[in-house]
Amino acid sequence: MRPFNYVIFEEPEAHLHLEAQREIARVIAKLVSQGTYVVLTTHSDTFVQQINNLTRIYNHPNKEALMAALGYDKNDLIDPKNINAYEFCLENEFSNVKKLDVSNYGIAVSSLNETLIKLAEETASLSED
């Protein structure tokens, strides 16, 4: 029997190296797969991408091969049906809470994705070709 049914994490990736962020995402996935309700906040694209990878493998047609190749077991994976995600966006000086779509590919967080695209474009513009 589990000693608790709920866990709340504020920024579980805070102050962690990128590899450690990936590991904490895996720990959280294990909690979810064991039936623990997890509520968390994050600003980390790395953390979200790791959650997305664990979600994507869950229904992947080559699931078993991917799990073996990547070193995952079934408790590392997250059923996308067990995820709800929300994004807080500033609109007209107020925070607007948007429910995000969750698919077999995971969660698309537009504010993180837009920032990553801008950064990639800026980096590309600096090339000396």
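Just so it is clear, the structure is predicted and the values come from calculations on it, not from any experiment. Each residue takes its place number in the sequence, starting with 1.
- D76 and G71 get closest at one heavy-atom pair: OD2-O, 4.3 Å.
- Checked by atom type, the side-chain pair E87/S110 shows a donor-acceptor distance below 3.5 Å.
- Closest heavy-atom contact between N52 and I107: OD1-N, 2.7 Å.
- Within the 4.5 Å cutoff, the side chain of F47 has no heavy atoms near those of the D45 side chain.
- For the pair T36 (side chain) and V32 (backbone), a donor-acceptor distance under 3.5 Å is absent.
- Taking hydrophobic clusters as Ile, Leu, Val, Met, Phe, Trp and Tyr residues chained together by side-chain heavy-atom distances below 4.5 Å, M67 shares a cluster with L70.
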Using the salt bridge (Lys or Arg N to Asp or Glu O under 4.0 Å) rule, take E121 and K118 through it: C-alpha gap first, then chi angles, then the decisive distance, then the call.
-> CA-CA 5 Å; E121 288 171 346; K118 287 178 189 175; over 6 Å; no
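- A salt bridge does not link R26 to D73: none of the charged nitrogens lies less than 4.0 Å from a carboxylate oxygen.
- Counting all heavy atoms, side chain and backbone alike, S103 lies closest to T55 at O-CG2, 3.9 Å.
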Report the C-alpha separation of L40 and I8 in whole Å, then their side-chain angles, then the decisive distance to 0.1 Å, and conclude whether the side-chain contact (heavy atoms from CB on, under 4.5 Å) test is met.
-> CA-CA 6 Å; L40 62 84; I8 299 172; over 6 Å; no
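- Interatomic distance, K30 NZ to I78 CD1, rounded to the nearest 0.5 Å: 11.0 Å.
- In plain terms, the two heavy atoms of H60 and N62 that are nearest each other are ND1-N, 2.9 Å.
- A donor-acceptor distance shorter than 3.5 angstrom exists from the side chain of Q21 to the backbone of L16, with no hydrogens or angles considered.
- Residue-environment remark: CD (E10) stays at or below the threshold of 12 foreign heavy atoms within 6.0 Å.
- For the pair S125/T123, no side-chain contact is recorded, criterion being any heavy-atom separation below 4.5 Å from C-beta on.
- Checked options Q49, Q50, R56; the residue passing with N53 is Q49 (criterion: side-chain hydrogen bond (donor to acceptor under 3.5 Å, both in side chains)).
- Checked by atom type and distance alone, the side chain of E13 pairs as donor or acceptor with a backbone atom of H43 at under 3.5 Å.
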Take V7 and V39 through the side-chain contact (heavy atoms from CB on, under 4.5 Å) test and state the conclusion after the steps.
-> CA-CA 6 Å; V7 176; V39 176; over 6 Å; no
Are I28 and F9 close enough, and set up right, to give a side-chain contact (heavy atoms from CB on, under 4.5 Å), and what steps lead you there?
-> CA-CA 10 Å; I28 289 168; F9 286 114; 3.9 Å; yes
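- Between Y72 and I57 there is a side-chain heavy-atom pair separated by less than 4.5 Å.
- Note that CG of L66 and OH of Y58 are 15.5 Å apart. Values are rounded to the nearest 0.5 Å.
- One distance of note links CG of D79 with CG of L54; it measures 12.5 Å at 0.5 Å rounding.
- Relative to the six-membered ring of F88, K98 misses at least one condition, a distance below 6.0 Å or an angle of at most 45° to the axis.
- Remark: side-chain polar atoms of S33 are paired, donor with acceptor, to backbone N or O of N75 under 3.5 angstrom.
- The distance from atom CD of E11 to atom CD1 of I24, rounded to the nearest 0.5 Å, is 13.0 Å.
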